[in-house]
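Down below is the structure, laid out as structure tokens.
Below, chains carry the letters A, B, ... as their sequence lines are ordered, and counting in each starts from 1.
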Amino acid sequence: MLNLKFIRNNIDDVEQMLQNRNTNLDLSEFRSIDTQRRQLLTETEGLKNKRNTCSDSIALLKKQKQDAGSQIAEMREVSRKIKKLDAQINKLDNQLDSILYMIPNMPHESVPPGNGEDDNPVVRTWGERPSMTFEPQAHWTLGEQLGILDFERGAKITGARFTLYRGAGARLERALINFMLDEHTNNHGYTEILPPFIVNKTAMTSTGQLPKFADDLFKLEGLDYYLIPTAEVPVTNIYQNEILEAHELPVYFTAYTPCFRKEAGSYGKDTRGLIRQHQFNKVELVKFAAPENSYDELEKLLVNAESILQKLNIHYQIVNLCTGDLGFSASKTYDIEVWLPGQGVFREISSCSNFEDFQARRANIRYRPKEGGKPHFVHTLNGSGLAAGRTLVAVLENYQQEDGSVVIPEVLRPYMGGMEVIR
RNA sequence: GGAGAGGUGGCCGAGUCGGCUGAAGGCGCUCGCCUGCUAAGCGAGUGAGUGGGGAAAUCUGCUCCGAGGGUUCGAAUCCCUCCCUCUCCGCCA
């Protein structure tokens, strides 16, 4: 969330930002609650000051065995007033919080203006479209023909948007996960994490999934526990309510987890194939950085994610999300979009974001600056490195051959027991 | 699931019959002194949040001893609820 004082002092900018992000939120309520709250706060603090000093003198009187009856009677009245005021303030605090939690992050100045995904400028492109002398197939056709993806049985076991992997398909997904983790831990300096796949409400609120996006989460019956929609949630919360030392920053974590999303509101979208599942696998990259170099860290994180596709030798492009397409918690986001010949489109395979102190403020993650003094909020970043299911889609579609077989990319073969082709 | 113990500042750890304890003592850290360097020693300082005054150094109010309620003029200290940790027993991957 944003800093209360920041909103108070820059309310016009915040309202402009809400417009740019197509967010329908009126801040007039915020204004009135905020001023009211501050009035009551001054009042109650004055009374508390009186109570504190009086309590001291009552203690003194009692020690000297003198009568303190009249003061006690007076303070009884004061305490009653304080209790009443505090209750009012508490109510206002809750109202204020619920507004604060719904305000999205301020975009960084380098974020281009725009209404939606069509306005995202392409930052750079890597590689080329594979030249195919035949009509490329979509991955769902390839996967079913090869017997490695079984959409019907997945739906039978659970429902729509659940898929059964089989044989070389299951192994290929596992190979991709292991390959990615090895790259990030061995070559990019990340520490591997295996976090809980179920988290509590506090963790979900810290990273921004709650309260606004409850509809997209799977909640466990009768508990305040949720299935994670991304490893970002448990991994960012590793340092919830902690103060790090400046020399510890930046911290790099990578984690494989399954991800669970309801995909509410996307009925009829990407219904075929592996693109939009309720459960998918992802290797995530998470960073905690000092504010002064968090944007350098974002560029590096992006490069780390890209390197996976480069080693797989798959064509992709990078877009800079515009104000209208930017996620709720992010200040800036790059999407990596991979080329899918079977569908003839670029599809998002990774989303790399700097959240600045937006999540850190919610999660209360701070660090003590080198020069000493009060702790500051860290900047948090994360990005997919990459979504494994969609990477598998990209491999199938880009490495397909005319006969429907799929060549396994060189770098994955050691992870596939030396297998070279799936046929 | 049953029985018991406990949750205090960056860490360890005191806190008596509720009141000069935002918190003793120690460690760590910072600054200074001293020894040729290192180690040791000596002295001083060192929690967080939020509000107000001042150009600033800084001064000042309020809150915080797992979380939330309650009792009281006053609670880290008493009562209730919840959460977490540890030990033992049972069960289980």
Side-chain angles (χ1 to χ4, degrees), chain A residues 1-9 30-31 33-101 194-206 210 220 222-226 234 237-249 251 258 288 290 357-378:
Chain A
M1 72 185 136
L2 298 176
N3 183 301
L4 181 64
K5 229 189 292 181
F6 173 85
I7 300 174
R8 199 182 287 149
N9 298 334
F30 169 87
R31 290 171 204 257
I33 294 173
D34 184 46
T35 45
Q36 209 185 130
R37 190 187 83 103
R38 287 204 284 168
Q39 261 167 23
L40 293 180
L41 219 47
T42 326
E43 205 177 326
T44 191
E45 283 187 4
L47 290 175
K48 281 177 181 173
N49 181 238
K50 193 171 172 187
R51 182 181 69 184
N52 288 344
T53 50
C54 260
S55 286
D56 285 349
S57 64
I58 289 170
L60 208 67
L61 286 174
K62 288 224 172 184
K63 215 172 218 171
Q64 294 165 350
K65 305 263 194 256
Q66 291 181 34
D67 176 53
S70 67
Q71 298 215 38
I72 288 177
E74 194 191 340
M75 281 311 104
R76 190 172 294 158
E77 192 50 43
V78 170
S79 275
R80 192 175 307 152
K81 273 190 202 153
I82 290 174
K83 200 171 275 186
K84 214 167 133 192
L85 284 170
D86 277 351
Q88 285 177 45
I89 291 169
N90 201 273
K91 204 172 143 194
L92 292 176
D93 274 344
N94 291 338
Q95 287 174 17
L96 208 55
D97 273 351
S98 60
I99 296 174
L100 239 38
Y101 277 124
L194 183 61
F197 301 158
I198 294 172
V199 299
N200 60 31
K201 194 185 225 162
T202 306
M204 281 293 189
T205 305
S206 294
L210 289 177
L220 299 200
L223 293 167
D224 259 347
Y225 287 172
Y226 300 81
N237 275 282
I238 287 175
Y239 290 130
Q240 181 203 110
N241 282 318
E242 293 194 33
I243 301 175
L244 302 170
E245 294 300 331
H247 65 81
E248 295 177 81
L249 298 176
V251 178
F288 302 84
D357 63 8
F358 189 84
Q359 294 180 327
R361 183 171 292 110
R362 289 176 164 228
N364 193 222
I365 305 170
R366 294 171 295 171
Y367 77 103
R368 210 174 289 281
K370 269 194 201 73
E371 58 277 14
K374 296 275 185 187
H376 294 329
F377 290 115
V378 301

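Under the ring-ring contact (aromatic ring centres under 6.0 Å, His included) criterion, A:Tyr367 pairs with no residue, sequence neighbours left out.
Listed for the A:Thr44 side chain is no donor-acceptor partner under 3.5 Å among the backbone atoms of A:Leu40. No donor-acceptor distance shorter than 3.5 angstrom exists from the side chain of A:Ser79 to the backbone of A:Arg76, with no hydrogens or angles considered.
Residue contacts shown for A:Leu41 are absent, as no nucleic acid heavy atom lies under 4.0 Å away. A:Asn49 comes within 4.0 angstrom of sugar-phosphate atoms only, judged by non-hydrogen atoms across all strands, and of no base. Looking at heavy-atom distances under 4.0 Å, A:Arg361 makes no contact with the nucleic acid at all. Within the 4.0 angstrom heavy-atom criterion, only backbone atoms of the sugar-phosphate kind lie near A:Lys83; the bases stay farther away. Residue contacts for A:Leu60: at a heavy-atom cut-off of 4.0 Å it reaches a base atom on one of the strands shown.
If you find the closest nucleotide of RNA chain B to A:Tyr225 and to A:Arg38, the one lying nearer the 5' end belongs to A:Arg38.
Going from the C1' atom of B:rC31 to that of B:rU87 covers 45 Å, rounded to whole Å. Between the P atoms of B:rA39 and B:rA24, the separation comes to 28 Å (whole Å). The same atom, P, is picked in B:rC37 and in B:rG32; the two are 15 Å apart, to the nearest Å. Comparing B:rG68 with B:rA75, their C1' atoms sit 15 Å apart, to the nearest whole Å. Nucleotides B:rC84 and B:rC42, compared at atom C1', are 43 Å apart to the nearest Å. With both ends at atom P, the span from B:rC78 to B:rA14 equals 16 Å, rounded to whole Å. Going from the C1' atom of B:rG61 to that of B:rA3 covers 48 Å, rounded to whole Å. Distance noted for atom P between B:rC20 and B:rG1: 41 Å (whole Å).
Using N1 to N3 plus N6-O4 or O6-N4 for Watson-Crick, or N1-O2 and O6-N3 for G-U wobble, each under 3.5 Å, B:rA39 pairs with nothing. Nucleotide B:rC34 is matched to nothing when pairs are restricted to Watson-Crick or G-U wobble geometry with both distances under 3.5 angstrom. Nucleotide B:rG4 is matched to B:rC86 when pairs are restricted to Watson-Crick or G-U wobble geometry with both distances under 3.5 angstrom.
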Going through the checks in order, is the side chain to side chain contact (heavy atoms under 4.5 Å, CB included) test met by A:Ile72 and A:Lys62?
-> CA-CA 11 Å; A:Ile72 288 177; A:Lys62 288 224 172 184; 4.2 Å; yes
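Contacts between chain A and RNA chain B, taken as any atom within less than 4.0 angstrom of a protein heavy atom, begin and end at B:rG19 to B:rG74.
Ion pairing between a basic and an acidic side chain is recognised when a charged N comes within 4.0 Å of a carboxylate O; A:Glu43 and A:Lys84 show no such pairing.
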Run the side-chain donor-acceptor check on residues 89-97 of chain A: report pairs under 3.5 Å with partners two or more places apart or on a different chain.
unit_1: A:Asp93; atom_1: OD1; unit_2: A:Arg37; atom_2: NH1; d: 2.9
unit_1: A:Asn94; atom_1: ND2; unit_2: A:Asn90; atom_2: O; d: 3.4

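The nearest pair of heavy atoms linking A:Leu249 to A:Phe288 is CD2-O, 3.6 Å.
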